[in-house]
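Encoded as structure tokens, the structure appears first; notes follow it.
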Amino acid sequence: MIPVIVKRWRKGDFYMKVYMFHYVKDKSNYFHFNAKLFEKKIRELLKKYKIISLKDMDGNNDLDNSIMLTFDDGTIDHYEIVYPILKKLNVSGLFFIPSCIKSKKMLDIQIIHKLLEAEDSEILLKKICRKLDDFGIDINNYKVDKSLDSNSMALVKQLL
């Protein structure tokens with residue numbers, strides 16, 4: 001499954017569309033686009049919308065057919081895969097870089113995503129549950145927050 005997240009961003013009295021990406025990499029158990037699929041998606045978006053930058057929004061009230069691309073967490077795949085594709089297609093994006101990047105530390109959620117990338121969420125959840133059982137911790141009635149993720153993936157994220 002590949003997540004498609006389109007948000008409507010309010011600017012003054014009107015809204016514009018934002019297409020948010022996280023990971024673009026060749027292999028992962030976690031939600032992602034690979035390079036080929038990412039480029040295909042950008043080409044599809046170019047057929048439907050004018051892809052604009054943050055600078056293009058300044059003073060522009062005619063954004064009905066516009067969309068902005070955003071990229072969360074500033075991962076290396078954004079530099080190695082996303083940037084060359086955007087450059088090739090003459091498209092810009094807005095990259096949100098975590099403040100911990102200078103200290104070369106990963107965000108907690110990125111560490112969790114790395115675990116989910118390396119191990120199927122069902123298997124990872126079973127391992128976590130076995131360890132919690134060793135401590136007498138029962139999570140059978142643990143409520144999973146509403147999520148786009150599968151129940152096992154959402155539960156792993158919440159527990160970690």
Side-chain angles (χ1 to χ4, degrees), residues 1-102 104-125 144-158 160:
M1 177 181 152
I2 296 170
V4 175
I5 302 171
V6 177
K7 296 181 178 180
R8 293 174 60 86
W9 188 8
R10 184 168 186 191
K11 182 179 185 275
D13 292 330
F14 59 93
Y15 293 85
M16 69 161 293
K17 294 171 213 62
V18 175
Y19 200 107
M20 180 180 69
F21 294 89
H22 276 275
Y23 301 104
V24 179
K25 51 181 63 179
D26 290 329
K27 291 184 178 180
S28 177
N29 287 329
Y30 194 69
F31 299 136
H32 73 288
F33 281 86
N34 63 33
K36 190 175 183 178
L37 192 56
F38 174 74
E39 184 171 338
K40 180 180 176 188
K41 175 52 69 179
I42 298 304
R43 289 183 187 279
E44 287 172 6
L45 290 171
L46 282 167
K47 289 177 184 175
K48 293 180 183 179
Y49 303 103
K50 177 182 178 190
I51 298 176
I52 64 169
S53 68
L54 190 59
K55 186 177 178 181
D56 294 332
M57 285 184 62
D58 192 27
N60 187 352
N61 290 333
D62 184 23
L63 299 173
D64 287 341
N65 199 37
S66 299
I67 193 165
M68 184 181 293
L69 307 178
T70 66
F71 301 85
D72 279 5
D73 302 334
T75 57
I76 192 69
D77 52 294
H78 294 160
Y79 179 72
E80 293 175 346
I81 299 172
V82 170
Y83 173 69
I85 292 170
L86 294 181
K87 187 173 180 179
K88 176 171 102 175
L89 299 175
N90 198 28
V91 172
S92 66
L94 181 59
F95 294 82
F96 293 94
I97 310 297
S99 60
C100 63
I101 202 162
K102 187 174 181 181
K104 297 185 179 179
K105 292 182 180 177
M106 293 177 77
L107 297 172
D108 294 344
I109 192 63
Q110 289 174 321
I111 294 168
I112 293 167
H113 289 168
K114 283 285 186 192
L115 288 170
L116 288 165
E117 182 179 306
E119 185 81 74
D120 178 78
S121 62
E122 293 285 339
I123 294 169
L124 193 54
L125 181 58
V144 178
D145 292 339
K146 185 178 179 187
S147 173
L148 294 174
D149 298 324
S150 67
N151 279 346
S152 62
M153 190 173 291
L155 187 51
V156 166
K157 285 179 169 181
Q158 286 178 220
L160 295 178

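In terms of heavy-atom proximity, Phe71 sits nearest to Gly93 at CE1-CA, 4.0 Å. Between Lys25 and Ile81, the shortest heavy-atom contact is CA-CD1, 3.9 Å. Of all heavy-atom pairs spanning Ser121 and Val156, the tightest one is O-CG2, 3.9 Å. Minimum interatomic distance between Tyr19 and Ile67 (heavy atoms only, all atoms of both residues): CB-CD1, 3.8 Å. Between Ser92 and Leu86 the shortest heavy-atom distance is C-CD1, 4.4 Å. Here the shortest heavy-atom pairing between Ile85 and Ala35 reads CD1-O, 3.6 Å.
The side-chain contact (heavy atoms from CB on, under 4.5 Å) check on Ile123 picks up Glu119, Asp120, Lys127, with sequence neighbours excluded. Residues satisfying the side chain to side chain donor-acceptor pair (under 3.5 Å) test with Glu80, not counting sequence neighbours, are none. With sequence neighbours left out, the side-chain contact (heavy atoms from CB on, under 4.5 Å) criterion links Tyr83 to Lys87. Partners of Tyr49 by ring-ring contact (aromatic ring centres under 6.0 Å, His included), not counting sequence neighbours: none found. When the side chain to side chain donor-acceptor pair (under 3.5 Å) test is applied to Ser53, the partners found at least two apart in sequence or on another chain are Asp56. For Lys88, the side chain to side chain donor-acceptor pair (under 3.5 Å) criterion is met by Glu39, not counting sequence neighbours. Asn34 is linked by a side chain to side chain donor-acceptor pair (under 3.5 Å) to nothing, counting only residues two or more places apart in sequence or in another chain.
Contact of the Ile42 side chain with the Phe21 side chain is registered, since non-hydrogen atoms from C-beta on lie closer than 4.5 Å. Using a 4.5 Å heavy-atom threshold, the side chains of Leu89 and Ile51 count as separate.
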Check the pair Leu45 / Val91 against side-chain contact (heavy atoms from CB on, under 4.5 Å), numbers first and verdict last. CA-CA 11 Å; Leu45 290 171; Val91 172; over 6 Å; no
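Between atom CE of residue Met153 and atom CD1 of residue Ile112 there is a gap of 12.0 Å, rounded to the nearest 0.5 Å. With rounding to the nearest 0.5 angstrom, the CG atom of Leu125 is 6.0 Å from the OG atom of Ser152. If you take CG on Leu94 and CE on Met20, they are separated by 12.0 Å, rounding to the nearest 0.5 Å. Separating the CD atom in Gln158 from the CG atom in Asn151 is a distance of 9.5 Å, to the nearest 0.5 Å.
Checked for salt-bridge contact, Lys41 and Glu44 meet the test: a charged N lies under 4.0 Å from a carboxylate O.
The backbone N or O of His22 sits nowhere less than 3.5 Å from a side-chain atom of Asp72 that would complete a donor-acceptor pair.
Atom CG of Asn65 is surrounded by more than 12 heavy atoms from other residues, nucleotides or ligands within 6.0 Å.
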